[in-house]
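Report on the following structure.
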Amino acid sequence: MSASWADVADSEKAASRAKPAYVPPHLRNRQSEPVAHLPQNDRGGYGGQPSRWAPGGGVGGGGGYRNDVGRPGQGYGGRGSGGWNNRGGGWDREVNPFGDDADLEPAVLENTGINFDAYEDIPVETSGGDVPPPVNTFADIDLGEALNLNIRRCKYVRPTPVQRNAIPILLAERDLMACAQTGSGKTAAFCFPIISGIMRDQHLQRPRGSRTVYPLAVILSPTRELASQIHDEAKKFAYQTGVKVVVAYGGTPINQQLRELERGVDILVATPGRLNDLLERARVSMQMIKFLALDEADRMLDMGFEPQIRKIVEQMDMPPRGMRQTMLFSATFPSEIQRLAADFLSNYIFLAVGRVGSSTDLIAQRVEYVHEADKKSHLMDLLHAQRETQDKQSLTLVFVETKRSADALENWLCMNEFPATSIHGDRTQQEREVALRSFKTGRTPILVATDVAARGLDIPHVAHVVNFDLPNDIDDYVHRIGRTGRAGKSGIATAFFNEKNAQLARQLAELMQEANQEVPEWLTRYASRASFGGGKKRGGGRFGGRDFRREGSFGSGGGRGNDYYGGGGYGGGGYSGAPSGGGYGGAPSGGYGGGVTSAWD
DNA sequence: AAACTCA
């Protein structure tokens, strides 16, 4: 679809700019990027509808949102066929997030090019009492007709392992701590049950008479771009269900977000800072929250974020645990953070699809010893080699440690005629979004990034992740390389290792070994040398994740909550490995999801 | 170290 970097270079030359002149970062990306345009509909015509969704009646007489009026067949319960067929119906101006009328004939759904078996042998471990059994198909789940149609529209044919297991648990109204590998479909795993649950509760009355709005669900994300991505996905899943999804994050004027909120909100996707702002202004209340989801939950509960999350969850008007349903999702979940997380959960089920913190073996991992001073030229070698061999569409994501070095490396690459851009927290939100878009479309097929881009972002065609600077934490490494090898596709990850990373050596070597990667001999030597004390326990066994409640040392906390043992102890859980019929392992034909888009993290 | 409101 979009240009490769070779094309870009060519076209820039062809564009008679004499030579690809160096453009300073603050002037780059100015031209062709359309600034987020307004949706074709501004929903201005809602005015007179009585509002079910805006408790305050909205501003100016209730800019309410209800699109189920006059659609008896729509909605929950599978009666009739409504939903897709009422477009153009005058008052219903919900944007079609699918853009066009995709053909829903089965033939289209027979996907090609997907790695069907990629996730079939992954072990699943659950613990906690009375774990609902997994399902094999979306049809086995009672999500409601409108949501099922959207799932088909997304071309999801079969649920992924985390979806098969998590969705029944969440539909059973249980709290959940879920660990599943990067790119395995976590977003949909928590969005489907939330949307379905809200459809059931559509009659719920919310307070009215003020400018405060009362969402029924809140989904928190550590970065703005991830919040935006979740919002986009959730809107697809919620299309014509009558469930309204709104996003709120910083770096952008709050007024537009306030107006969106006033039109009604069921699911609020947000970053913590902006949500706290909205709560303090009393423009949002959490009194009616039924669902709380933390994406990248271990990050949300680490040192930098935990106070903000605690404030939102414990010090505002959020119903206490047990009175809401809480779901935590991540690919990594160190046990010390699990311990913290237990504060927010009630009688929860722990679910691990694959080992907690493991990487997928779809990613070919390489580690190269590179002195600090040689990194740039080494990167250039990699990029040159890649230009020869890689698919034209393929993108390269380069991680560095600091915002400054991201700028510096971007500059250096551009000066050397590599089409690069960058994303980090010192750039304006607009610059960040332009950079990400420019990368995604292939206009700038090299993106230099800090950890702002490490988690959750679903960027198709990332063929190569380069850890120019390795992170200090192995879990960050797992998330970074997880930007490739998604949805059953393969990818490459290259890390530059030197003396500064000695502390990471042992964990890195272990991780690579677990993922069946070749560990260079010199790294093994480093690993044994640097094995003193450091590092987190990565567990040992072949199987399953690690529920910290099972680690044997839970006595340490003493009276820390009485729900550690779940309702029925651990009896209900257990490992369901590939060969046994219990889990999804027994499914005959494997595979799911064709043309799988971006509901995958 | 970086991420997370606004002013």
Side-chain angles (χ1 to χ4, degrees), chain A residues 218-231 246-258 260-261 268-284 286 293-316 330-332 334 337 340 372 397-410 422-433 435-436 447-457 467-480 482-483 495-496 500-501 503-504 601:
Chain A
V218 62
I219 300 172
L220 293 175
S221 143
T223 67
R224 298 161 181 174
E225 287 76 15
L226 181 55
S228 171
Q229 175 182 301
I230 295 166
H231 175 236
V246 176
V247 70
Y249 53 77
T252 178
I254 201 167
N255 282 335
Q256 193 175 337
Q257 288 170 8
L258 288 173
E260 271 303 311
L261 288 168
L268 178 57
V269 185
T271 50
R274 181 54 66 94
L275 178 56
N276 266 323
D277 193 4
L278 291 165
L279 292 168
E280 279 165 9
R281 296 174 189 228
R283 298 304 295 263
V284 170
M286 304 224 271
L294 304 192
D295 201 4
E296 309 297 344
D298 57 329
R299 167 64 80 237
M300 302 304 276
L301 296 172
D302 83 359
M303 275 195 331
F305 275 114
E306 192 234 1
Q308 300 175 61
I309 301 303
R310 238 175 235 290
K311 184 171 176 196
I312 291 167
V313 178
E314 293 179 334
Q315 289 153 36
M316 307 304 284
S330 185
T332 55
I337 307 271
L340 263 179
E372 210 62 30
L397 181 51
V398 182
F399 283 104
V400 296
E401 188 66 23
T402 65
K403 295 176 276 200
R404 275 192 58 190
S405 56
D407 280 337
L409 185 57
E410 178 201 9
S422 71
I423 186 167
H424 61 71
D426 277 352
R427 303 200 75 187
T428 67
Q429 191 54 29
Q430 179 160 352
E431 287 171 332
R432 286 164 57 157
E433 282 165 18
L436 191 56
L447 180 67
V448 183
T450 60
D451 271 330
V452 70
R455 285 174 173 257
L457 297 186
N467 274 289
F468 189 88
D469 302 319
L470 272 164
N472 297 316
D473 187 330
I474 191 69
D475 287 341
D476 292 334
Y477 173 83
V478 169
H479 287 275
R480 286 178 177 189
R483 294 320 92 212
F496 296 173
K500 281 174 67 180
N501 313 113
Q503 170 261 135
L504 195 71
D601 213 359

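Letters A, B, ... are given to chains in the order of the sequence lines, protein chains preceding strands, and every chain is numbered from 1.
For the OP1/OP2 pair of B/dC4 and a distance below 4.0 Å, the side-chain nitrogens and oxygens of A/Arg299 include no atom meeting the criterion. In terms of phosphate contacts, A/Lys311 brings no side-chain nitrogen or oxygen within less than 4.0 Å of OP1 or OP2 of B/dC4. Of the side-chain N and O atoms in A/Arg310, none sit less than 4.0 angstrom from OP1 or OP2 of B/dC4. Residue A/Thr223 places none of its side-chain N or O atoms closer than 4.0 Å to OP1 or OP2 of B/dC4. Checking the phosphate oxygens (OP1, OP2) of B/dA3, no side-chain nitrogen or oxygen of A/Thr271 falls inside 4.0 Å.
A/Thr332 and A/Asp298 are linked by a side-chain donor-acceptor pair at a separation below 3.5 angstrom, with hydrogens and angles left out of the test. A donor-acceptor pair shorter than 3.5 Å can be found between the side chains of A/Arg224 and A/Gln429.
In this structure, A/Leu220 places its CG atom 18 Å from P of B/dA3, rounding to the nearest Å. Taking atom CZ of A/Arg224 as the reference point, atom P of B/dA3 lies 9 Å away to the nearest angstrom. Atom pair A/Ile309:CD1 and B/dT5:P shows a separation of 11 Å (rounding to whole Å applied). Spacing between atom CZ of A/Arg455 and atom P of B/dA3 amounts to 13 Å, rounded to whole angstrom units. Whole-Å rounding puts the A/Lys403 NZ to B/dC4 C1' distance at 11 Å.
Looking only at distances, no side-chain donor or acceptor of A/Ser405 sits under 3.5 Å from a matching main-chain atom of A/Ala408.
Checked against B/dC4, B/dT5, B/dA1, the side chain of A/Arg432 finds its nearest nucleotide in B/dC4. If you check B/dA2, B/dC4, B/dA3 against the side chain of A/Gln308, the one that comes closest is B/dC4. In this structure, of B/dT5, B/dA1, B/dA3, it is B/dT5 that holds the atom nearest to the side chain of A/Tyr249. Out of B/dA1, B/dT5, B/dA3, the shortest distance to the side chain of A/Glu401 is found at B/dA1.
When each of A/Arg299, A/Arg480, A/Arg483 is checked for a salt bridge (Lys or Arg N to Asp or Glu O under 4.0 Å) with A/Asp451, only A/Arg480 meets the rule.
A distance of 9.5 Å separates CG in A/Leu457 from OG in A/Ser228, rounded to the nearest 0.5 Å.
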